[in-house]
Asker: 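This structure is in structure tokens; I'll ask about it shortly.
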Amino acid sequence: MIRYYWGRFWPFLLFAFGVEAVENLFTVLFEYRNMDFGLLPLLKTAYVFVTEFAVTMCYWLIPYAVYLWILPRGKAGGKADRWLTSAWFFLFVLANLFEDVAEAFFWNEFEASFNFIAVDYLVYTKEVIGNIYESYPIIPILGGILAASVLAVWGMKRFLLPRNGAVPAGWKRGCVVLFLLACVTGGYWLVDIKDADAVNNRYNSEMAKDGLYSLFSAFLRNELDYRAYYRTLPDAEAAAFLAREFTADDTSVPEASSGSVKRQVRPSGVAIRPNVVVVVMESMGAEFLNECREDGADVTPCLSRLGKEGIFFPNTYATGTRSVRGLEAISTSLPPLPGMSILRQEGNEHLQTIGSIFRDKGYDLKWIYGGYGYFDNMNYFFGNNGFQVLDRNSMDDSEVTHSTIWGVCDEDLFRRAVREADESCGRGKPFFAGGVYHVQPPPLHVSGRAH
């Protein structure tokens, strides 16, 4: 059985390892000034690379092993077997060459293997693909990858099927599938991408990572090393800067040497307990506000009135690219964190948020969303940070005049928010509500009120 499977698997293993070895060799030549060539660091680098490469290959080989399992023994080595094996090898070669070329360009940009930045690229495909198409000769590159894949299959076709060796029984082939599944399961729990950090040299560490393994690990972890990719100051220096900026008669800050940014504000007036409603409007760009339009159109008269009666910030800009980043900033006062939003990270329960501050003041907290709050993990995050969550599932059909896949229309949601506020006030409690409104008016025949 070993001889049979070795004859089937070795072309895949040899090609993948050869391509990775060539890519790593060129990377070493490119980064030799930055790498640590000591014996122990090189051994650690090689160990991590071989381990991740082995796990990645197990994932690749599982579909082929399943095919060999269900292939009738009498059909093994036949014309159909040869065509199907060649087709899978072609897809394998094409995908690996594409990944290695993409990783080479990514390394040239970030001096790293695939990480969460690459995952972010996959999220914003339209913008990223457009930028890449404008920056690189994509057609010749893809043509070259395709041609190289065809040549690889043509050159290896005589080796893809073993010339001899009995086909194992079906139960033995099934055991091979189970063995590979056990390997990937063990790899999931035992092989950690952070093992590469033990090398203690960033370039060795990045070299040790297998590209595909690194990409999927970044997708699952949603993390990015802040200090490795963002410009920072020493903690004490940053604290001293903040202390200078926050100095005021009613504010006290700790010593800069402590590295703490905690400050205490002493109230100078009498506390008030107004009802507070925070409206987070999805897709409501600045171009829709009267104050930001150059044509003078009166598009948002009610918002303009509120801006004049209250406080309007004309020079406030977004620091994130998705709505969930706005929720992150509003609820926690944090700028967008590297990787995934805090709403979708583990350990995001019981944080100090805008809700916890109002809760300590005796407010009735509600998070009201017109759609299904599992989107962007809103229900879990706000539900575990002191809010009573009310989403589409909390609304009766009688309350809904119009809805889409995103949720009920704004008017239905506003009516629900007003009702919740009235109930809280009826119990003698001040009311704090936050929620997302998707800026989708109902059809005119449902409601004649202006949106």
Asker: Any idea which heavy atoms bring Gly187 and Val55 closest together, and the distance?
Answerer: CA-CG2, 4.2 Å

Asker: Roughly how far, to the nearest 0.5 Å, is CG of Asn348 from CZ of Phe382?
Answerer: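 Here the rounded value is 10.0 Å.
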
Asker: Do Asp364 and Pro430 touch side chain to side chain, with heavy atoms closer than 4.5 Å?
Answerer: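 Not in contact.
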
Asker: Please name the pair of heavy atoms, one in Val93 and one in Ala152, separated by the smallest distance, quoted to 0.1 Å.
Answerer: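 Scanning both residues, the minimum pair turns out to be CG1-CB, 3.9 Å.
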
Asker: I would like to know whether Asn201 and Thr45 meet side-chain contact (heavy atoms from CB on, under 4.5 Å); could you show each step before the answer?
Answerer: CA-CA 10 Å; Asn201 178 286; Thr45 302; over 6 Å; no

Asker: Quick one, Phe12 with Met57, criterion side-chain contact (heavy atoms from CB on, under 4.5 Å). Give me CA distance, side-chain angles, the key distance, then yes/no.
Answerer: CA-CA 8 Å; Phe12 296 85; Met57 286 304 303; 4.2 Å; yes

Asker: What is the distance from atom CZ of Phe98 to atom CG of Leu142, rounded to the nearest 0.5 Å?
Answerer: 6.5 Å

Asker: Any idea which heavy atoms bring Ala112 and Phe106 closest together, and the distance?
Answerer: O-CD2, 3.4 Å

Asker: Short question: side chain of Thr353, backbone of Ser356 - any donor-acceptor pair under 3.5 Å?
Answerer: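 Yes.
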
Asker: Do Asn24 and Met207 have side-chain heavy atoms sitting under 4.5 Å apart?
Answerer: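 Asn24 reaches Met207 side chain to side chain.
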
Asker: What are the two closest non-hydrogen atoms of Gly362 and Arg273, and how far apart are they?
Answerer: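 Gly362 and Arg273 have their closest heavy atoms at O-NH2, 4.5 Å.
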
Asker: Under 4.0 Å between a Lys/Arg side-chain N and an Asp/Glu carboxylate O for Arg419 and Asp422?
Answerer: no

Asker: Is the backbone of Tyr213 close enough, under 3.5 Å, to the side chain of Glu52 for a donor and an acceptor to pair up by distance?
Answerer: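 Absent.
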
Asker: Got a donor-acceptor contact below 3.5 angstrom from the Asn377 side chain to the Leu343 backbone?
Answerer: yes

Asker: Mind checking whether Glu20 and Glu99 have side chains closer than 4.5 Å, heavy atoms only?
Answerer: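 Yes, at least one pair of side-chain atoms sits under 4.5 Å.
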
Asker: To the nearest 0.5 Å, what is the distance between CG (Asp36) and NZ (Lys44)?
Answerer: 10.0 Å

Asker: Taking the six-membered ring for Trp, are Tyr363 and Phe431 ring centroids under 6.0 Å apart?
Answerer: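 Tyr363 vs Phe431: aromatic centres not under 6.0 Å.
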
Asker: Looking at Thr401, is its backbone amide N or carbonyl O close enough to the side chain of Asp412 to form a donor-acceptor pair, meaning the two atoms are under 3.5 Å apart?
Answerer: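 Yes; at least one donor-acceptor contact below 3.5 Å.
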
Asker: Any donor-acceptor pair under 3.5 Å linking the side chain of Ser214 with the backbone of Ser113?
Answerer: no

Asker: Do Arg392 and Val400 have side-chain heavy atoms sitting under 4.5 Å apart?
Answerer: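 When only atoms from C-beta onward are counted, Val400 and Arg392 do touch, with a gap below 4.5 Å.
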
Asker: Has the side chain of Asn108 got a donor or acceptor atom that lies under 3.5 Å from a matching backbone atom of Ala104?
Answerer: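 Between the backbone of Ala104 and the side chain of Asn108 there is no qualifying donor-acceptor contact (under 3.5 Å).
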
Asker: Report the C-alpha distance between Leu212 and Trp60 in whole Å, list the side-chain angles of each, state the deciding distance to 0.1 Å, and finish with yes or no for side-chain contact (heavy atoms from CB on, under 4.5 Å).
Answerer: CA-CA 11 Å; Leu212 283 176; Trp60 270 114; 3.4 Å; yes

Asker: Nearest 0.5 Å please: distance from the CZ atom of Phe216 over to the OG1 atom of Thr56.
Answerer: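 It comes to 9.5 Å.
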
Asker: Hey, are the side chains of Asp391 and Asn379 touching, using non-hydrogen atoms and a 4.5 Å cut-off?
Answerer: yes

Asker: Looking only at side-chain N and O atoms, does Ser304 offer a donor or acceptor that is under 3.5 Å from a partner on Asn290?
Answerer: yes

Asker: If the threshold is 4.0 Å, N to carboxylate O, is there a salt bridge linking Arg416 and Glu399?
Answerer: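 A salt bridge links Arg416 with Glu399.
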
Asker: I need the minimum non-hydrogen distance between Arg293 and Ala297, along with the two atoms involved.
Answerer: NE-CB, 3.7 Å

Asker: Tell me if the aromatic rings of Trp88 and Tyr67 count as close, with their centers under 6.0 Å from one another.
Answerer: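 Judged by ring-centre distance (under 6.0 Å), Trp88 and Tyr67 do not meet the cut-off.
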
Asker: Kindly give the heavy-atom pair with the smallest separation between Asn275 and Cys425, and that separation in Å.
Answerer: ND2-SG, 3.5 Å

Asker: Taking C-beta and beyond as the side chain, do Val278 and Val280 meet within less than 4.5 Å on heavy atoms?
Answerer: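 The answer is yes, as the side chains (C-beta and beyond) meet within the 4.5 Å cut-off.
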
Asker: Hey, what do you get for CD (Glu237) to OG1 (Thr232), rounding to the nearest 0.5 Å?
Answerer: 10.0 Å

Asker: Assess the side chains of Trp107 and Glu31: does a donor N or O sit below 3.5 Å from an acceptor N or O?
Answerer: yes

Asker: Quick one, Phe92 and Val153 - any side-chain contact, counting heavy atoms below 4.5 Å?
Answerer: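 They are not in side-chain contact.
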
Asker: Determine whether more than 12 heavy atoms belonging to other residues, nucleotides or ligands lie under 6.0 Å from atom CD of Glu349.
Answerer: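 Atom CD in Glu349 is crowded, with more than 12 foreign heavy atoms closer than 6.0 Å.
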
Asker: Apply side-chain contact (heavy atoms from CB on, under 4.5 Å) to Leu61 and Cys58, showing your working.
Answerer: CA-CA 5 Å; Leu61 292 175; Cys58 286; 5.9 Å; no

Asker: Take atom CG in Leu233; do more than 12 heavy atoms of anything else shown fall under 6.0 Å from it?
Answerer: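 Yes - once you tally the heavy atoms of other residues, nucleotides and ligands closer than 6.0 Å, there are more than 12.
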
Asker: Hey, are the side chains of Val279 and Met281 touching, using non-hydrogen atoms and a 4.5 Å cut-off?
Answerer: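 Yes; the side chains approach each other to less than 4.5 Å.
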
Asker: Is the Phe49 ring parallel, tilted or perpendicular to the Phe17 ring (thresholds 30°, 60°)?
Answerer: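 Because their plane-to-plane angle lies in the 30° to 60° range, the rings of Phe49 and Phe17 count as tilted.
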
Asker: Roughly how far apart are Met395 CE and Leu413 CG, rounded to 0.5 Å?
Answerer: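 Rounded to the nearest 0.5 Å, the CE-CG separation comes to 6.0 Å.
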
Asker: Does atom OH (Tyr188) have a neighbourhood of more than 12 heavy atoms from anything else shown, all under 6.0 Å?
Answerer: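 Check fails, neighbour count at 12 or below.
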
Asker: Heavy-atom count around Asp397 CG within 6.0 Å, excluding the residue itself: above 12?
Answerer: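 At most 12 heavy atoms, drawn from other residues, nucleotides or ligands, come within 6.0 Å of this atom.
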
Asker: Students often mix this up, so state it plainly: with edges at 30° and 60°, are the rings of Phe387 and Trp367 parallel, tilted or perpendicular?
Answerer: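 If you compare the ring of Phe387 with that of Trp367, the planes turn out perpendicular.
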
Asker: Can you tell me how the ring of Phe89 sits relative to the ring of Phe15, calling it parallel under 30°, perpendicular over 60° and tilted otherwise?
Answerer: perpendicular

